[in-house]
2 protein chains.
Amino acid sequence: MRLSTKGKYGLYAMIFLARRHGEGPQSLKAFGELNLPEAYLEQLLGSLRRAGLVSTVRGTQGGYLLSREPENITVREMLEAMEGPLRFADCVTESDRPPCAHSGDCPARGVWEYLTGEINALLGRITLSDILRQNLRPIENVTEETK
Amino acid sequence: MRLSTKGKYGLYAMIFLARRHGEGPQSLKAFGELNLPEAYLEQLLGSLRRAGLVSTVRGTQGGYLLSREPENITVREMLEAMEGPLRFADCVTESDRPPCAHSGDCPARGVWEYLTGEINALLGRITLSDILRQNLRPIENVTEETK
DNA sequence: TGTAAACCCGACAAAAACGATCGGGATTCT
DNA sequence: AGAATCCCGATCGTTTTTGTCGGGTTTACA
């Protein structure tokens with residue numbers, strides 16, 4: 001289980017924009033200090049724009065900027081914009097080839113649903129401004145003894 | 001972010017073994033009812049064996065069996081055996097090419113570490129026997145108001 | 001009004017990862 | 001000895017990833 005560079009670069013770009021938030025559009029060249037392949041980054045910013053997370057201004061003096069306040073943009077949205085929704089098994093979100101022979105009562109399905117839900121919730125709790133402020137609280141762990 | 005079929009098939013295989021736990025070694029053919037490509041599954045069971053999660057008996061009447069009790073085998077171990085450790089960015093676990101130009105104070109690094117820790121903890125809490133019993137409790141969410 | 005600075009977009013391509021398949025070797029039960 | 005098994009490395013086609021490229025469009029500004 002890994003994150004592709006798409007998700008990684010995308011988050012870097014969003015952090016960059018969050019830091020410059022309020023300073024007007026940032027041109028692609030301004031992202032240069034991130035040391036990412038420029039033409040590739042341009043593509044990724046396109047995905048972020050189509051997902052509604054960044055806005056663009058075209059023409060001279062144009063560039064990219066956050067389309068919302070940093071406290072209203074979550075890691076989940078960013079990663080989903082770059083990599084599509086989290087999916088452990090297709091049978092959870094879409095139709096699959098017979099997932100396993102116990103089709104009806106596939107015991108793994110519950111696991112995929114549980115994990116998908118928990119991880120999406122986790123990612124959805126972290127905002128861009130949390131990242132800038134390094135405000136990452138560990139979850140108060142397992143609620144009580146299983147006994 | 002997705003899970004490859006390796007992780008998926010691997011978990012299916014482990015669930016299969018857990019259900020037959022105590023019934024002696026299960027031959028590759030016995031897994032047939034899972035409808036997975038047999039030769040591929042054989043490879044995957046090799047990984048699970050090398051990770052210490054299953055044991056094998058060779059020769060006639062041989063096969064695969066869990067090398068521990070189902071309550072002592074976690075989803076994290078299984079997925080790590082099949083797909084390697086969870087990694088969001090290489091800079092968290094290993095050396096990376098300059099991660100981003102703000103090398104020293106890369107604000108994304110904290111995110112990767114946080115996510116890696118939380119998700120590993122989540123995966124580590126689910127055991128094979130939890131899966132059989134469908135015992136998947138949602139985490140008691142964010143501890144208290146952020147205020 | 002012209003031109004340069006930007007973003008926009010689709011096509012293409014190399015490289016890596018994925019999802020297997022295959023053939024033969026090593027064990028072990030009977 | 002022979003059959004049932006697991007073991008292992010090589011190979012291979014497909015898909016995904018990670019880019020590159022070329023040309024088009026928009027717009028500020030002189």
Side-chain angles (χ1 to χ4, degrees), chain A residues 1-13 17 20 24-32 34-67 79 81-85 87-90 96-97 99, chain B residues 1-13 17 24-32 34-67 79 81-85 87-90 96-97:
Chain A
M1 262 195 315
R2 55 187 277 278
L3 194 67
S4 72
T5 63
K6 259 188 210 162
K8 219 167 61 169
Y9 293 176
L11 188 59
Y12 290 158
L17 285 179
R20 298 267 196 300
Q26 302 295 315
S27 76
L28 197 52
K29 279 198 186 106
F31 287 85
L34 296 182
N35 277 331
L36 306 178
E38 192 172 296
Y40 190 36
L41 181 59
E42 187 178 10
Q43 276 190 173
L44 305 187
L45 283 164
S47 300
L48 290 168
R49 175 179 49 82
R50 282 184 291 274
L53 301 179
V54 311
S55 306
T56 54
V57 178
R58 303 182 66 170
T60 314
Q61 311 292 349
Y64 302 87
L65 32 74
L66 296 184
S67 49
L79 293 187
M82 305 308 303
E83 317 217 348
R87 61 205 161 95
F88 280 86
D90 295 331
D96 197 12
R97 297 177 306 158
Chain B
M1 264 195 314
R2 54 189 278 278
L3 194 68
S4 72
T5 61
K6 262 186 210 163
K8 221 167 57 170
Y9 293 177
L11 188 59
Y12 291 158
L17 286 179
Q26 302 296 315
S27 75
L28 196 51
K29 280 199 186 106
F31 288 85
L34 295 182
N35 277 331
L36 306 178
E38 191 172 295
Y40 190 35
L41 180 58
E42 186 177 10
Q43 279 192 172
L44 305 187
L45 284 164
S47 301
L48 291 168
R49 176 178 49 81
R50 282 184 291 274
L53 301 179
V54 309
S55 306
T56 53
V57 178
R58 301 181 70 172
T60 313
Q61 309 294 349
Y64 302 86
L65 32 75
L66 297 184
S67 49
L79 292 187
M82 305 310 303
E83 317 219 349
R87 62 203 160 96
F88 279 86
D90 296 329
D96 198 13
R97 297 178 305 157

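Below, chains carry the letters A, B, ... as their sequence lines are ordered, and counting in each starts from 1. In what follows, every heavy atom counts, from backbone to side chain, and hydrogens, waters and symmetry copies are set aside.
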Next on the checklist: Among D:dA28, D:dC7, C:dC22, which nucleotide has an atom closest to any side-chain atom of A:Gln61?
Outcome noted: D:dA28

Next on the checklist: On DNA chain D, compare the nucleotides closest to B:Thr60 and B:Val57; which residue's is nearer the 5' end?
Outcome noted: B:Thr60

Next on the checklist: For a quick test of reading the model, state the closest non-hydrogen atom pair linking A:Tyr64 to A:Leu17 and the distance between them.
Outcome noted: O-CD2, 3.4 Å

Next on the checklist: Can you see if the side chain of A:Tyr9 gets near the phosphate of D:dG19 - specifically, an N or O under 4.0 Å from OP1 or OP2?
Outcome noted: yes

Next on the checklist: Donor-acceptor pair, distance only, cut-off 3.5 Å: does the side chain of B:Glu83 make one with the backbone of B:Leu3?
Outcome noted: no

Checklist outcome for this item: Between its two end axes (five pairs each) the helix from C:dT1-D:dA30 to C:dT30-D:dA1 turns, nearest 10 degrees, through 10°

Next on the checklist: Measure NZ/B:Lys6 against P/C:dA20 and give the value in whole Å, please.
Outcome noted: 11 Å

Item to check | Value rounded to 0.5 Å, distance of CE in A:Met82 from CE in B:Met1 | outcome: 13.0 Å

Item to check | Whole-Å distance separating the CD atom of A:Gln26 from the C1' atom of C:dA5 | outcome: 15 Å

Checklist entry - Touch check for A:Gly59, heavy atoms < 4.0 angstrom, all strands: base, sugar-phosphate only, or nothing? => result base

Item to check | Set of residues satisfying ring pair (Phe, Tyr, Trp, His ring centres under 6.0 Å) with respect to B:Phe88, sequence neighbours excluded | outcome: none

Item to check | Distance in angstrom units between B:Glu38 CD and D:dC6 P, rounded | outcome: 8 Å

Hey, what are the protein-to-nucleotides 22-24 of chain D N/O distances that come in under 3.5 Å?
none

Item to check | side-chain hydrogen bond (donor to acceptor under 3.5 Å, both in side chains) partners of B:Ser67, counting only residues at least two apart | outcome: none

Item to check | Those residues of residues 48-55 of chain A lying under 4.0 Å from DNA chain C by at least one heavy atom | outcome: A:Arg49, A:Arg50

Next on the checklist: So A:Leu28, base contact, sugar-phosphate only, or nothing? Heavy-atom distance under 4.0 Å.
Outcome noted: sugar-phosphate

What side-chain donor-acceptor pairs closer than 3.5 Å can you find for residues 37-56 of chain A, not counting sequence neighbours?
none

Next on the checklist: On DNA chain C, compare the nucleotides closest to A:Thr56 and B:Tyr40; which residue's is nearer the 5' end?
Outcome noted: A:Thr56

Checklist entry - Taking CZ from B:Arg87 and C1' from C:dA17, how many angstroms apart are they, rounded to a whole number? => result 11 Å

Checklist entry - With a non-hydrogen cut-off below 4.0 angstrom, is A:Gly46 in contact with a base, only sugar-phosphate, or nothing? => result nothing

Item to check | Rounded interatomic separation in angstrom, taking CD from A:Glu83 and C1' from D:dT18 | outcome: 12 Å

Next on the checklist: Working to the nearest 0.5 angstrom, can you tell me the gap between A:Leu65 CG and A:Gln26 CD?
Outcome noted: 8.0 Å

Checklist outcome for this item: Comparing A:Ser4 with B:Tyr64, nearest DNA chain D nucleotide closer to 5' gives the residue B:Tyr64

Checklist entry - Distance from A:Leu36 atom CG to A:Tyr9 atom OH, nearest 0.5 Å? => result 6.0 Å

Item to check | A:Arg2 CZ - C:dA17 P separation (whole Å) | outcome: 7 Å

Checklist entry - Taking atom P of C:dC7 as reference, at what distance in whole Å does atom CZ of A:Phe31 sit? => result 8 Å

Checklist entry - Is there a side-chain polar atom (N or O) of A:Thr5 under 4.0 Å from OP1 or OP2 of D:dT18? => result yes

Item to check | Partner set under side chain to side chain contact (heavy atoms under 4.5 Å, CB included) for A:Thr60, not counting sequence neighbours | outcome: none

Next on the checklist: Just the rounded figure in Å: distance from P of D:dT16 to CG of B:Leu3.
Outcome noted: 15 Å

Anything under 3.5 Å between a protein N or O and an N or O of nucleotides 10-15 of chain D, put it in a table, one pair a line.
| residue | atom | partner | partner atom | Å |
| --- | --- | --- | --- | --- |
| D:dA10 | N6 | B:Gln43 | OE1 | 3.4 |

